[in-house]
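Note sheet for the following structure.
The basis for the numbers below is simple: all heavy atoms, side chains too, and nothing from hydrogens, waters or symmetry mates. Quantities reported herein were computed from a predicted structural model and do not represent experimental measurements.
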Amino acid sequence: IGIADAHHRLEKHEEAVKTLNEAAHLAESVAQLASRSNAYDELAKRFAEWGETARAREITLENLETIAKIRDESSQAVALANLAEIYEQYIFELSEADKAVIHAIIVKAEG
């Protein structure tokens with residue numbers, strides 16, 4: 001993510017986005033789900049800030065799916081709160097896929 005930031009500061013938009021996409025692919029391999037969620041937060045912010053809204057939305061859905069797998073309820077709650085801030089900051093509407101994942105989280109929590 002830091003390399004993408006450097007490309008962005010140098011106004012190399014295509015390189016910055018390419019590097020962010022590589023970072024998103026690498027984030028999938030982060031074993032600790034809460035850490036993976038944090039990485040997805042940072043990726044989504046940058047994609048949104050750099051005008052790549054569709055990719056930011058893909059990342060936020062991946063993040064929701066990751067959050068749904070977090071077993072510790074407090075870690076899950078923190079991750080959801082962090083993601084909610086991104087939705088609010090970038091005025092992202094919940095998609096049907098987002099709603100389905102959130103519904104699954106709620107059902108699991110109530111169960």
Side-chain angles (χ1 to χ4, degrees):
I1 296 173
I3 294 171
D5 288 342
H7 285 304
H8 183 71
R9 281 191 296 277
L10 294 172
E11 298 181 9
K12 296 181 178 181
H13 181 76
E14 287 182 26
E15 280 298 312
V17 170
K18 179 182 173 188
T19 305
L20 271 188
N21 278 312
E22 291 171 9
H25 180 69
L26 291 172
E28 296 171 11
S29 66
V30 175
Q32 184 67 262
L33 295 175
S35 297
R36 185 184 310 171
S37 177
N38 287 335
Y40 282 145
D41 285 342
E42 293 303 315
L43 290 163
K45 288 176 189 176
R46 282 166 179 78
F47 278 120
E49 289 170 6
W50 300 349
E52 302 288 330
T53 306
R55 186 65 175 124
R57 295 294 288 123
E58 291 172 5
I59 296 293
T60 57
L61 178 57
E62 286 183 55
N63 196 3
L64 263 177
E65 291 168 349
T66 298
I67 292 168
K69 297 174 190 171
I70 296 174
R71 293 183 186 203
D72 179 70
E73 290 180 6
S74 62
S75 295
Q76 189 178 57
V78 169
L80 278 171
N82 290 338
L83 184 57
E85 289 178 9
I86 293 170
Y87 276 76
E88 183 178 6
Q89 181 177 355
Y90 298 104
I91 313 169
F92 290 159
E93 296 288 326
L94 289 175
S95 69
E96 290 305 314
D98 294 334
K99 291 175 186 177
V101 175
I102 292 168
H103 178 74
I105 292 170
I106 293 168
V107 168
K108 180 180 160 190
E110 290 176 343

(request) Mark yes or no for whether N21, through its side chain, and V17, through its backbone, hold a donor-acceptor pair below 3.5 Å. (result) yes

(message) Quick check: do L64 and L80 have side-chain heavy atoms less than 4.5 Å from each other?
(response) yes

(message) Could you report the tightest heavy-atom contact between K69 and L33, atom names first, then the distance?
(response) O-CD1, 3.4 Å

(message) Do the side chains of E62 and R55 get close enough for a salt bridge, i.e. N-O under 4.0 angstrom?
(response) yes

(message) Quick check: is V30 connected to I67 through a chain of hydrophobic side chains (ILVMFWY, heavy atoms under 4.5 Å apart)?
(response) no

(message) Quick check: closest heavy atoms across T66 and S37, and the distance to 0.1 Å?
(response) CG2-N, 4.3 Å

(request) Taking all heavy atoms of A48 and all of Y90, pick out the closest pair and write down the distance. (result) CB-CD2, 3.6 Å

(request) Of all the heavy-atom pairs spanning Q76 and I70, show the shortest one and how long it is. (result) NE2-O, 3.5 Å

(request) Taking only Lys NZ, Arg NE, NH1 and NH2, and the carboxylate oxygens of Asp or Glu, determine whether E49 and R46 approach each other closer than 4.0 Å. (result) no

(request) Give the intermediate values and the outcome of side chain to side chain donor-acceptor pair (under 3.5 Å) for residues S95 and D98. (result) CA-CA 5 Å; S95 69; D98 294 334; 3.1 Å; yes

(request) Check whether any side-chain heavy atom of E52 lies under 4.5 Å from a side-chain heavy atom of H13, and answer yes or no. (result) yes

(request) Look up atom CD in E42 and atom CG in L20, then write down how far apart they are to the nearest 0.5 Å. (result) 10.5 Å

(message) Counting only heavy atoms from other residues, nucleotides and ligands, does the tally under 6.0 Å from CD1 of I91 exceed 12?
(response) no

(request) Identify the heavy atoms of A23 and I1 that sit nearest to each other, and give their distance. (result) CB-CG1, 4.1 Å

(message) More than 12 heavy atoms of other residues, nucleotides or ligands under 6.0 Å from CG of L26: yes or no?
(response) yes

(message) Let me check something: do V101 and F92 share a hydrophobic cluster, defined by ILVMFWY side-chain heavy atoms less than 4.5 Å apart, either directly or through other members?
(response) yes

(message) Can you tell me how the ring of H8 sits relative to the ring of W50, calling it parallel under 30°, perpendicular over 60° and tilted otherwise?
(response) parallel

(message) Once rounded to the nearest 0.5 Å, what's the spacing between atom CD1 of I86 and atom CG of N63?
(response) 7.0 Å

(message) Using 0.5 Å steps for rounding, measure from the NZ atom of K18 to the CD atom of E15.
(response) 5.0 Å

(message) Rounded at 0.5 Å granularity, tell me how far CG in L83 sits from CD1 in I102.
(response) 8.0 Å

(request) Using a 4.5 Å cut-off on heavy atoms from C-beta on, say whether the side chain of F47 contacts that of R57. (result) no

(request) Report the distance from atom NE2 of H103 to atom CD of E96, rounding to the nearest 0.5 Å. (result) 12.0 Å

(message) How close do A97 and L61 get, counting heavy atoms only, and between which atoms?
(response) CB-CD2, 3.9 Å

(request) State whether the number of non-hydrogen atoms from other residues, nucleotides or ligands found under 6.0 Å of K108 atom NZ is greater than 12. (result) yes

